[in-house]
Every structure is written in C-alpha cells, then in structure tokens.
*Asks:* 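Below is the structure I would like to discuss, written out as structure tokens.
Just so you know, these numbers come straight off a predicted model, no measurement behind them.
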Amino acid sequence: MTISAGLLSELFTPQTSTETADGMGGITQSWADGTAFRGRLSSLSIAERLAQDKTTVFATHRIYSNLQTLTEAQRIRNSDSTRYFQIRGIIQPSNSSIGHLEILVLELD
C-alpha cells in the first residue's frame, strides 16, 4: 500500500558522502545531493528505542515516504536545508515492491 500523496507534505533530499584529497595529505568530506522526494516527518518520543535485526537503533524521527532507493550510508536534508538526518534504519512494512518506506533517522546538530 502506498501513502496518499496529500500526506507527503515535505520535500527531502538524500545526500551521499564523497571524499576527496585536500592536496595536503588529508581528506575532505562533502555531500552530493540525490533526487528529492516527498515525505512526512514524524517525531519519536525521547525514550523510544527501536530494535531492528537484534541491534538497538537510536532514532529521533521517522520519515514516511513512498518507495525510494536509499541506503544507511546516506543522510537526508530537509527542503529548506536547515535540518539534516542520519539514516539509522529503513523499514519496508508491506514487504512488497509497491509499498512505502519508514525511514528511521537521527537528527544531526
């Protein structure tokens, strides 16, 4: 089951980390934008801990979206570029190719 487009009221952009040599023997990390997608951000309670694959995953929010190609190596930026989220887990509740995703994220300072 996909989520109604009307409920996906926010725009998010996945970002992939890239590392380049800085010319002085070090590495510089930067983030490259992917294709933006619509989603809905929902806060988790402060005490909520979610378990996935027998590992405790600490998250602050959940982003609901229709299916996207995401990995836990990426981060997500909101549409006004003021908030960034580290992906902590990706759940596909319906276990089908036509469902939606629940993306567990940790808001970065």
*Asks:* Among Ile87, Ile91, Leu41, which residue satisfies the side chain to side chain contact (heavy atoms under 4.5 Å, CB included) criterion with Ile103?
*Replies:*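 The passing option is Ile87.
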
*Asks:* Name all residues meeting the side-chain hydrogen bond (donor to acceptor under 3.5 Å, both in side chains) criterion together with Asp22; count only those two or more places apart in sequence or in a different chain, and write none if there are none.
*Replies:*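 Checked Asp22 against side-chain hydrogen bond (donor to acceptor under 3.5 Å, both in side chains); zero matches.
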
*Asks:* Excluding sequence neighbours, so at least two apart, what forms salt bridge (Lys or Arg N to Asp or Glu O under 4.0 Å) with Arg40?
*Replies:*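 Salt bridge (Lys or Arg N to Asp or Glu O under 4.0 Å) check on Arg40 returns nothing, list empty.
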
*Asks:* Is it the case that the side chain of Asn78 and the backbone of Arg83 share a donor-acceptor pair, with hydrogens and angles ignored and the cut-off at 3.5 Å?
*Replies:*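 At least one qualifying donor-acceptor pair exists.
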
*Asks:* With sequence neighbours excluded, what pairs up with Thr69 under the side-chain contact (heavy atoms from CB on, under 4.5 Å) test?
*Replies:*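 In terms of side-chain contact (heavy atoms from CB on, under 4.5 Å), with neighbours along the sequence ignored, Thr69 is linked to no residue.
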
*Asks:* Which residues satisfy the side-chain hydrogen bond (donor to acceptor under 3.5 Å, both in side chains) test with Thr18, sequence neighbours excluded?
*Replies:*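 For Thr18, the residues satisfying side-chain hydrogen bond (donor to acceptor under 3.5 Å, both in side chains) (neighbours in sequence not counted) are Ser30.
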
*Asks:* Does some side-chain heavy atom of Glu19 sit less than 4.5 Å from a side-chain heavy atom of Thr28?
*Replies:*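 The answer is no; the side chains never approach within 4.5 Å.
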
*Asks:* Output, in order, the C-alpha distance, side-chain angles, deciding distance and verdict of side chain to side chain contact (heavy atoms under 4.5 Å, CB included) for His61 and Glu107.
*Replies:* CA-CA 7 Å; His61 296 78; Glu107 186 164 12; 3.3 Å; yes

*Asks:* Could you list the residues that satisfy side-chain hydrogen bond (donor to acceptor under 3.5 Å, both in side chains) with Gln15, not counting sequence neighbours?
*Replies:*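 Here the qualifying residues are Asp33, Arg75.
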
*Asks:* Ser79: what forms a side-chain contact (heavy atoms from CB on, under 4.5 Å) with it, not counting sequence neighbours?
*Replies:*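 Checked Ser79 against side-chain contact (heavy atoms from CB on, under 4.5 Å); matches are Leu11.
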
*Asks:* Testing the basics here: between Phe37 and Ile76, what is the closest heavy-atom pair and its distance to 0.1 Å?
*Replies:*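 In terms of heavy atoms, the two residues are closest at CZ-CD1, 4.2 Å.
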
*Asks:* What's the verdict on side chain to side chain contact (heavy atoms under 4.5 Å, CB included) for Ser43 and Thr60, showing C-alpha distance, side-chain angles and the deciding distance?
*Replies:* CA-CA 6 Å; Ser43 295; Thr60 56; over 6 Å; no

*Asks:* Calculate, to the nearest 0.5 Å, the distance between atoms CD1 and OG1 belonging to Ile90 and Thr71 respectively.
*Replies:*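 Reported value, rounded in 0.5 Å steps: 6.5 Å.
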
*Asks:* Can you give me the closest heavy-atom contact between Thr35 and Pro14, atom names plus distance?
*Replies:*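 Smallest heavy-atom distance, with atoms named: O-CD, 3.2 Å.
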
*Asks:* Side-chain heavy atoms nearer than 4.5 Å, only ILVMFWY residues, links allowed to pass through others: does that put Leu70 and Phe85 together?
*Replies:*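 Per the 4.5 Å side-chain linkage, Leu70 and Phe85 are co-clustered.
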
*Asks:* Just to verify, what does Thr16 make a side-chain contact (heavy atoms from CB on, under 4.5 Å) with, not counting sequence neighbours?
*Replies:*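 By the side-chain contact (heavy atoms from CB on, under 4.5 Å) rule, Thr16 matches Gln74.
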
*Asks:* Not counting sequence neighbours, which residues clear salt bridge (Lys or Arg N to Asp or Glu O under 4.0 Å) with Glu10? List them please.
*Replies:*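 Salt bridge (Lys or Arg N to Asp or Glu O under 4.0 Å) check on Glu10 returns nothing, list empty.
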
*Asks:* Return the set of residues passing side-chain hydrogen bond (donor to acceptor under 3.5 Å, both in side chains) with Gln29 (not counting sequence neighbours), or none when no residue passes.
*Replies:*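 Expected list: Ser17.
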
*Asks:* Do you know which two heavy atoms are closest between Thr13 and Gly34, and how far apart they sit?
*Replies:*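 Scanning both residues completely, I find the closest heavy atoms to be CG2-O, 3.6 Å.
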
*Asks:* Would you sort out whether Phe12 and Ile63 count as a side chain to side chain contact (heavy atoms under 4.5 Å, CB included), showing the intermediate values?
*Replies:* CA-CA 9 Å; Phe12 298 96; Ile63 297 174; 4.0 Å; yes

*Asks:* Tell me the closest heavy-atom pair linking Leu8 and Ser65, and the distance in Å.
*Replies:*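 So the two residues come closest at CD2-CA, 4.2 Å.
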
*Asks:* Using the side-chain contact (heavy atoms from CB on, under 4.5 Å) criterion, which residues pair with Ser81? Sequence neighbours excluded.
*Replies:*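 By the side-chain contact (heavy atoms from CB on, under 4.5 Å) rule, Ser81 matches Arg77, Tyr84.
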
